[in-house]
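The first residue in the sequence is number 1, and the count goes up from there. Just so you know, ligand 1 is whichever comes first in the structure, and atom 1 is the first atom listed for that ligand.
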Amino acid sequence: MNKRQVFLGLLLASAFVCIWGSVEETEEDNRELPTILIALLVRNKAHTLPMFLSYLEQQDYPKHRIAFWLRCDHSNDDSIDVLQQWLEHTGELYHGVNYALEPDELSYINESSPYEWPASRFKQLISLKEEAFGYARDIWADFVFFLDADVFLTSKEALKTLTRLRLPIVAPMLLSESLYSNFWCGMTEEYYYKRTDEYKEIYHSKKLGSFPVPMVHTAVMVDMNYRGTRNLTFDRHKLLEMQRSRGQEPLYEGPADDIIVFAISANSSGIPLHICNDINFGYILQPLEPGDTLDNDIQQLVNIRSLMVTDLGAVPPELDYFRELVKKPEKSKLSLDRIFMINLKRRPERREKMERLFEELGIEAEYFEAVDGKELTEERLQEMGVGFLPGYEDPYHHRAMTMGEIGCFLSHYSIWVTMVRKDLKEVLILEDDIRFEPYFRHNAVRVVNQARSVGQYDLIYFGRKRLKEESEPWVTDADSLVHAGYSYWTLGYVLSLEGALKLLAAKPLEKLIPVDEFLPLMFNRHPNETWKEAFPKRNLVALSAAPLLLYPIHYTGDSGYISDTEDSEQINVAESDEGEARLKSDREQVFAQNEVEPEGVVDQQQPKLGESLTKSHQEL
Ligand SMILES: *[C@@H]1O[C@H](CO)[C@@H](O)[C@H](O)[C@H]1NC(C)=O
Ligand SMILES: *[C@@H]1O[C@H](CO)[C@@H](O)[C@H](O)[C@H]1NC(C)=O
Ligand SMILES: *[C@@H]1O[C@H](CO)[C@@H](O)[C@H](O)[C@H]1NC(C)=O
Ligand SMILES: *[C@@H]1O[C@H](CO)[C@@H](O)[C@H](O)[C@H]1NC(C)=O
């Protein structure tokens, strides 16, 4: 046993009443801020702790109003080392840290994996959480915040926002790589998770606020000044005792599970639990199942970090002393010859974000400077031999091509030319406004390998917008590939050298149309017969990943979204039928409004409800 208790800068002997007021306040504002005890239980979290702690350090909350109650046991990784480093560097800044780091026991009896929950483990956890509660009362903390190390409170305002709510029990709503979160909206009579429509409304922030729910867990703040919280418990025996003494029926008959008992004890005491989604508080890793390995968690961490880059622009700078602990995946070209990312020079923020994503995901991509539509003139186009498809007009608004669309075509075209010049056999072409689906790297390689093994292919869409509700046949002997139908967008696609040769042989510059109309024409799924005549050889073999691996960060037409291809000045296409200039094209916007949610994002997630009572509780 290596149990120590430390109160930094304080004497335990001083009256408890004085404890929190004894540090001199610097800002008037902060004087009144309530005190928080963060109760943190750690087991085998060496891989999440550096980021977890980096985010905690960033909280916009005076550290001397925060104390920790920290326990780490049964860990066979470096969790204790990581926590010790943190204590050495930052411990003193907090009001106090009560900790016990126990390196001796490595596993529980009868446990075959650290992701299993034998009764002995629940028992230990429950007794520790009870102890934390008692400790919070002893030191007169205003709030106790039960927090797990796989929660990343990315909002600096998280603690302030939660304490301001003054709710007896509240959890900050956390996002995951799927639909998993730290609350339930429904509970069955057997205390299982119950699916409700409201869950998704809250999870997707269709409504904002603090909502009463039957269950919150993993990051739960309790107002210790609220009458009645004294009777909250994680212990089934205490709950039953209380229910009996109050003559409450029916008595609790559920499992000895800390979070369920806690939720029922709150309900029995008439205390509501709330989930708050007023702000984007942060992210959560889904608990592992007994069959999982550490690699599953590390992969989840990759997914979550790239989600953070997509949503927030970056993950936090690592604390110096943790820098060497944070391992990023090694970079790979996904078994392809090259990966190009097309970006306009005047959009460096997008390039930077994409490069961060490549870092997080381990993708070796090269910058490819886009042709800027804003710099094109009609003279320049004439020099390049660009002509327009006679009679081309955008099929939905009957408008001609914008300079942005022309620039976009020329950018993709330049890569096709590069492929031929440099004899590149397979290339992934990415635009710069995309988000990667979880497990992108693994799934991308899988999709490409399938395409190779089923025979010849020219193009594989990784992301696109399907335009027709026609069924798209699965590629024989492949479970992740379909034959692509009429589609828009060129967010990301793999092109083979033969594919590039076919596209160039069609001489598209002489009869230009938007690149995402050109591709479906070339694989002969375009509905417009007139345009087809302009491209007699339409034998491109185009497949698509199913489900898709990429989505746009914003749909065109979303507020705040600036599309580079659609906002630029529109060219007067002399050859057009009407011979008149038209306003900018917003053809995609029409679809964006009509389109259902992209497949594979939400509804392909099959719930496995109530299958087993493991720590994940809610399995989405
Ligand atoms: C461990 O498993 C054995 C065999 O199933 C069982 O007899 C024993 O009671 C278990 N021990 C604990 C502490 O659960
Ligand atoms: C806790 O529960 C007991 C038993 O019902 C009750 O007498 C007591 O008032 C409760 N305490 C609080 C603070 O609500
Ligand atoms: C307790 O649970 C019942 C049944 O779910 C619910 O109707 C009631 O509002 C809950 N009470 C509190 C205080 O949350
Ligand atoms: C095909 O495109 C031409 C030229 O833009 C247009 O006039 C025609 O109506 C389109 N045909 C169909 C069936 O959409």
N/O donor-acceptor pairs under 3.5 Å from side chains in residues 143-157, not counting sequence neighbours:
residue: Asp150; atom: OD2; partner: Lys45; partner atom: NZ; Å: 3.0
residue: Thr154; atom: OG1; partner: Phe281; partner atom: O; Å: 3.4
residue: Ser155; atom: OG; partner: Glu157; partner atom: N; Å: 3.1

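Close contacts between ligand 3 and Pro272 involve ligand atoms 13 (C), 14 (O) [criterion: under 4.0 Å to a heavy atom].
The protein reaches atom 11 (N) of ligand 3 closely, with a heavy atom under 4.0 angstrom from it. Under the 4.0 Å distance rule, the nearest protein heavy atom to atom 2 (O) of ligand 3 falls inside the cut-off. Proximity of atom 14 (O) of ligand 3 to the protein is indicated by at least one non-hydrogen atom lying closer than 4.0 angstrom.
Residues Asp197 and Lys206 are not paired through a salt bridge, judged by the lack of any N-O separation under 4.0 Å between the basic side chain and the carboxylate. Arg435 has a carboxylate O that lies under 4.0 Å from a charged side-chain N of Glu437, or vice versa, which qualifies the two as a salt bridge.
Given atom 5 (O) of ligand 3, the protein heavy atom at minimum distance is Asn267 ND2, 4.7 Å.
Taking the six-membered ring for Trp and thresholds of 30 and 60 degrees, Tyr199 and Phe183 have nearly parallel ring planes, at less than 30 degrees apart.
In this structure a side-chain-to-backbone donor-acceptor pair under 3.5 Å is present from Asn277 to Lys207.
The closest approach between Gly270 and ligand 3 falls below 4.0 Å for a heavy atom of the residue.
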